[in-house]
Amino acid sequence: MDKLVYIAMSGARENMLSQQAHANNLANANTSGFKADLSQARAMQVFGEGFTSRVYAQTERPATDRTAGTFISTERELDIAVDGDGWFAVIGADGNEGYTRSGELQINAANELVTGSGLPVMGNGGVPIVIPPFDQIDIGTDGTISIQPQGEDAVELLVIDRIKLVTLDPATSFKGLDGLMHVDANAVQPPDLNLKIRSGYVETSNVNAVHEMTSIITESRQFEMNIRMMKTAEEVSSAATSILSLN
């Protein structure tokens, strides 16, 4: 079969993967702290027998758009938004440390501070943050959590922990399938004490819905083009077979 089939097939495969990424972005356009995934592939020359002008599509490690979303005031005590390029640490479902900017925090039945999806938030001490019963809670700009213990004098404040904030190197960090940012070899990152947060705010998704929709349409047309190329290769092969059979 003509090599054109395999070349067109590699292009169609990358179009499908790209469509998946854009569709996932669009589905998370309203997810707080979500960072859009970038589809990524490159053209590679086919070496060996055949025309040197032939190229195929090769998958590359997908990147993530790390630009900040818009900060929206909620006036809720447990909502936080990280200023700058920082992230706060959580314990992922696999037990490894991961990083997110989705700051709609809650307190679960075990008095643990968790994200909206139930992942424990890490403190600078390296363990999940546990909040005792309180009458009032405050999260400072440096991530320090203070509470007025339940039933205690209003002037007494108890410092519980400090949310672990980190800076990630784009060269060694990536978004995992769980939606969290991870570091190569699951290396635990040290806290960055210079990072700040805003309490009472949440960060919106940085997804541009119009861009994602137009990208899906473009990828769909490119996919159809590659399928037509595969069909053309089949027709050419059938025609060549017919001519050879006449001889």
Side-chain angles (χ1 to χ4, degrees), residues 1-31 33-69 92-94 96 98-100 102 117 168-186 204-247:
M1 186 177 291
D2 195 284
K3 297 180 179 63
L4 172 61
V5 172
Y6 300 102
I7 294 173
M9 183 173 61
S10 72
R13 178 195 62 203
E14 296 307 321
N15 290 143
M16 290 182 63
L17 293 175
S18 181
Q19 279 192 315
Q20 290 176 5
H22 290 302
N24 183 62
N25 291 342
L26 196 58
N28 286 280
N30 294 319
T31 302
F34 180 82
K35 301 302 177 188
D37 296 310
L38 304 175
S39 57
Q40 196 166 346
R42 62 173 170 167
M44 289 292 294
Q45 182 178 344
V46 177
F47 296 99
E49 184 180 351
F51 295 107
T52 57
S53 61
R54 294 188 178 188
V55 296
Y56 67 97
Q58 176 178 323
T59 300
E60 291 194 325
R61 178 173 175 172
T64 302
D65 180 2
R66 305 188 186 211
T67 57
D94 60 357
N96 293 313
Y99 309 97
T100 182
S102 180
S117 56
L168 300 180
D169 183 355
T172 58
S173 59
F174 61 95
K175 184 192 286 189
L177 296 177
D178 55 4
L180 300 175
M181 299 299 294
H182 294 275
V183 177
D184 290 343
N186 287 319
T204 65
S205 169
N206 69 352
V207 171
N208 184 322
V210 174
H211 169 73
E212 300 301 330
M213 185 65 74
T214 55
S215 295
I216 289 175
I217 295 172
T218 300
E219 296 291 344
S220 178
R221 291 174 177 172
Q222 290 179 352
F223 179 81
E224 292 174 357
M225 180 188 69
N226 281 304
I227 295 300
R228 286 199 297 269
M229 292 296 292
M230 295 168 67
K231 182 64 175 177
T232 298
E234 180 183 6
E235 293 172 351
V236 170
S237 178
S238 297
T241 301
S242 299
I243 292 173
L244 290 175
S245 65
L246 296 175
N247 296 329

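Side-chain atoms of Ser173 and Arg66 form a donor-acceptor pair, as typed in the model, at a separation below 3.5 Å.
Of the inter-residue distances, the one linking Met213 atom CE with Asn25 atom CG reads 12.0 Å to the nearest 0.5 angstrom. Taking OG from Ser220 and CG from Asn15, the interatomic distance works out to 9.0 Å, rounded to the nearest 0.5 Å. A distance of 9.5 Å separates CD in Glu14 from CD in Glu219, rounded to the nearest 0.5 Å. Interatomic distance, Asp37 CG to Asp65 CG, rounded to the nearest 0.5 Å: 9.5 Å. Atoms NE2 and CZ, from His182 and Phe174 in turn, are 6.5 Å apart once rounded to the nearest 0.5 Å. With rounding to the nearest 0.5 Å, the separation of NE2 in His211 from CG in Leu26 is 11.0 Å.
Judged by distance alone, the side chain of Asn24 and the main-chain N or O of Gln20 form no donor-acceptor pair under 3.5 Å.
Nearest heavy atom pair, residue Ala29 against residue Ser205, reads O-CB, 3.4 Å. Closest approach of Leu168 to Val183, counting heavy atoms only: CD2-CG2, 4.0 Å. Across all their heavy atoms, Gln19 and Ile216 have their closest contact at NE2-O, 3.3 Å. Between Val5 and Met230 the shortest heavy-atom distance is O-CG, 4.0 Å. Nearest heavy-atom pair, Asn206 versus Lys35, reported as atom, atom and distance to 0.1 Å: OD1-CA, 3.4 Å. The nearest pair of heavy atoms linking Leu180 to Thr100 is CD2-CB, 3.8 Å.
The cationic atom of Lys175 (NZ for Lys, CZ for Arg) lies less than 6.0 Å from the six-membered ring centre of Phe34 and within 45° of the ring axis.
Applying the side chain to side chain contact (heavy atoms under 4.5 Å, CB included) criterion to Thr218, with sequence neighbours excluded, gives Gln222.
Heavy-atom contacts from other residues, nucleotides or ligands closer than 6.0 Å to CG of Asp169 number more than 12.
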